[in-house]
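First comes the structure, then the notes that go with it.
Please read these numbers as outputs of a predicted model, since none were measured by experiment.
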Amino acid sequence: MTTGGNGEEQQGRRLFGVSLTDRPVWQQFLICSSGFFFGYLVNGICEEYVYNRLQFSYGWYFTFVQGFVYLGLIRLQGFTVKHMVNPWRTYVRLSAVLMGSNGLTKGSLAFLNYPAQIMFKSTKVLPVMIMGAFIPGLRRKYPFHEYVSAVMLVIGLILFTLADAQTSPNFSMIGVAMVSSALIMDAFLGNLQEAIFKMNPDTTQMEMLFCSTVVGLPFLAVPMVLTGELTTAWSACSQHLYVYAVLVFEAMATFVGQVSVLSLIALFGAATTAMVTTARKAVTLLLSYLIFTKPMTEQHVTGLLLITMGIVLRLLPEDKEKKGMAERQQAKAQRGEEKRRGDGVEETSPLV
């Protein structure tokens, strides 16, 4: 498991008041992953309930409402504009990509069943890794085993979701186009966030979420007006006000997940975060089976085994690599120290 930057970049990183950077790497990863899993597991259950059970499919409008809940929660955390360390223009591209991805992802559920959407989104880790090689400020290179791990994770989740899709078919090319567009945006999203953290280590998770939300909300107005979703969603939700309670609860949980995932990106990079988000999708589907009572087949089990193998492959070799890298760095430092001592002797010898 590689970190997203050096110790200087990670200085002062906190998550809801809990200090991260003075803890071991595995504790940082566990705390951030736990917050992310909690937030997005609740998000997944709420989305399946709203879209599939209540048949409310207003992705752009729901993202719009979620944005205002975020701003309220950020204000409660004590963050204001005076705490910003980056100019507003830093977040324009990021905000457009973020809001586009969220709106298209949520909106695609009107044309795809939840497992089919998860199947498409599960492939995000591969384009994120590839795109990381081209984003200015990153230019990342990943070892071969990380690509193998990503492929195993993706194939396992695809097998799992295909088995689920057979029991509840709802497939439309419009939904495929929407979720594919969201996937392309996701490939940029995590890497753009990592690049901002890398270029300015003083950037906090709250600033990232605040600025991307404020700048991004106007982007949502265009598709809502053009599609007429603003009026239809307002009318439908006004007749069923309890939907807003579900949306606010979902947004509060997702807020915890968003801040946690930004912490993961800042500390471990976009690719590692994409692996965690892909694993989360498998857990979400499992909870979907437990809560909404669906049958489990051999194909589901095969998919879960591949997902587990992918995660293990991703995590285990990292310790060996880190140990080897640490030993090489220590040896290099010792050689440098010996060289400096030798140079010092040579420089002082003429004065003797």
Side-chain angles (χ1 to χ4, degrees), residues 15-17 32 34-80 91 94-110 114 117-118 121 182 185-186 189 193 204-221 223-224 229-230 233-234 236-238 240-265 273 277 280-281 283-284 287-288 291:
L15 180 61
F16 296 114
C32 295
S34 298
F36 167 73
F37 266 73
F38 165 77
Y40 277 91
L41 288 176
V42 174
N43 168 267
I45 294 169
C46 289
E47 281 190 348
E48 185 165 9
Y49 175 73
V50 171
Y51 285 90
N52 294 345
R53 295 301 173 97
L54 301 182
Q55 299 297 311
F56 278 76
S57 303
Y58 307 112
W60 299 111
Y61 182 74
F62 289 170
T63 304
F64 190 70
V65 173
Q66 184 182 65
F68 282 100
V69 177
Y70 281 2
L71 293 179
L73 293 173
I74 291 170
R75 186 67 186 89
L76 290 176
Q77 291 293 315
F79 182 87
T80 60
Y91 298 98
L94 173 64
S95 301
V97 170
L98 175 63
M99 294 303 175
S101 173
N102 288 343
L104 289 168
T105 299
K106 292 179 182 295
S108 66
L109 286 172
Y114 191 71
Q117 185 224 58
I118 291 289
K121 293 285 285 184
M185 293 182 180
D186 283 340
L189 179 60
Q193 290 170 329
T204 64
Q205 303 95 307
M206 288 300 167
E207 175 180 335
M208 181 81 72
L209 191 55
F210 172 78
C211 293
S212 57
T213 301
V214 171
V215 177
L217 283 174
F219 285 106
L220 295 174
M224 281 196 300
E229 184 174 308
L230 179 60
W234 175 268
C237 293
S238 297
H240 303 85
L241 293 177
Y242 64 89
V243 173
Y244 283 111
V246 178
L247 291 179
V248 171
F249 177 70
E250 176 193 353
M252 292 173 65
T254 310
F255 176 77
V256 175
Q258 278 277 6
V259 178
S260 299
V261 83
L262 288 173
S263 301
L264 280 170
I265 291 172
T273 304
T277 61
R280 188 274 307 173
K281 292 177 176 65
V283 179
T284 300
L287 281 181
S288 175
I291 295 173

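- The backbone N or O of Val97 sits nowhere less than 3.5 Å from a side-chain atom of Ser101 that would complete a donor-acceptor pair.
- At least one side-chain heavy atom of Phe249 sits under 4.5 Å from a side-chain heavy atom of Val42.
- Evaluated for a side chain to side chain contact (heavy atoms under 4.5 Å, CB included) with Val243, the options Val246, Leu241, Leu247 yield exactly one hit, Leu247.
- Between Leu217 and Leu71 the shortest side-chain heavy-atom distance falls below 4.5 Å.
- Met206 is listed as a side-chain neighbour of Phe16, based on a closest heavy-atom distance under 4.5 Å.
- Taking the side chain as every heavy atom from C-beta outward, Phe255 and Leu209 approach each other to under 4.5 Å.
- Taken to the nearest 0.5 Å, the CG atom of Leu98 stands 6.0 Å off from the CD atom of Gln258.
- The shortest non-hydrogen separation linking Pro218 to Val214 is CD-O, 3.3 Å.
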Only distances under 3.5 Å count here; give the side-chain donor-acceptor pairs of residues 59-69 to other protein atoms, sequence neighbours excluded, each with its distance to 0.1 Å.
residue, atom, partner, partner atom, Å
Tyr61, OH, Tyr244, OH, 2.6
Thr63, OG1, Gly59, O, 2.8

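- Scanning all heavy atoms of the two residues, the minimum distance from Ala251 to Tyr70 falls at O-CE1, 3.4 Å.
- Nearest heavy atom pair, residue Ser95 against residue Cys211, reads OG-O, 3.8 Å.
- Here the CZ-OG distance, from Phe36 to Ser263, works out to 12.0 Å after rounding to the nearest 0.5 Å.
- Contact annotation: the side chain of Met252 never approaches that of Val256 to less than 4.5 Å [non-hydrogen atoms, C-beta and beyond].
- Atoms CD and CD1, on Gln205 and Ile74 in that order, are 11.5 Å from each other to the nearest 0.5 Å.
- Between Phe37 atom CZ and Cys32 atom SG the span is 12.5 Å, to the nearest 0.5 Å.
- For the atom pair CG of Asp186 and CG of Leu104, the computed distance is 9.5 Å after rounding to the nearest 0.5 Å.
- Within the 4.5 Å cutoff, side-chain heavy atoms of Thr213 are placed close to those of Met99.
- The salt bridge (charged side-chain N to carboxylate O under 4.0 Å, His left out) contacts involving residues 207-218 comprise nothing, where partners must be two or more places apart or lie in separate chains.
- The OG1 atom of Thr204 sits 10.5 Å away from atom CZ of Phe210, with the distance rounded to the nearest 0.5 Å.
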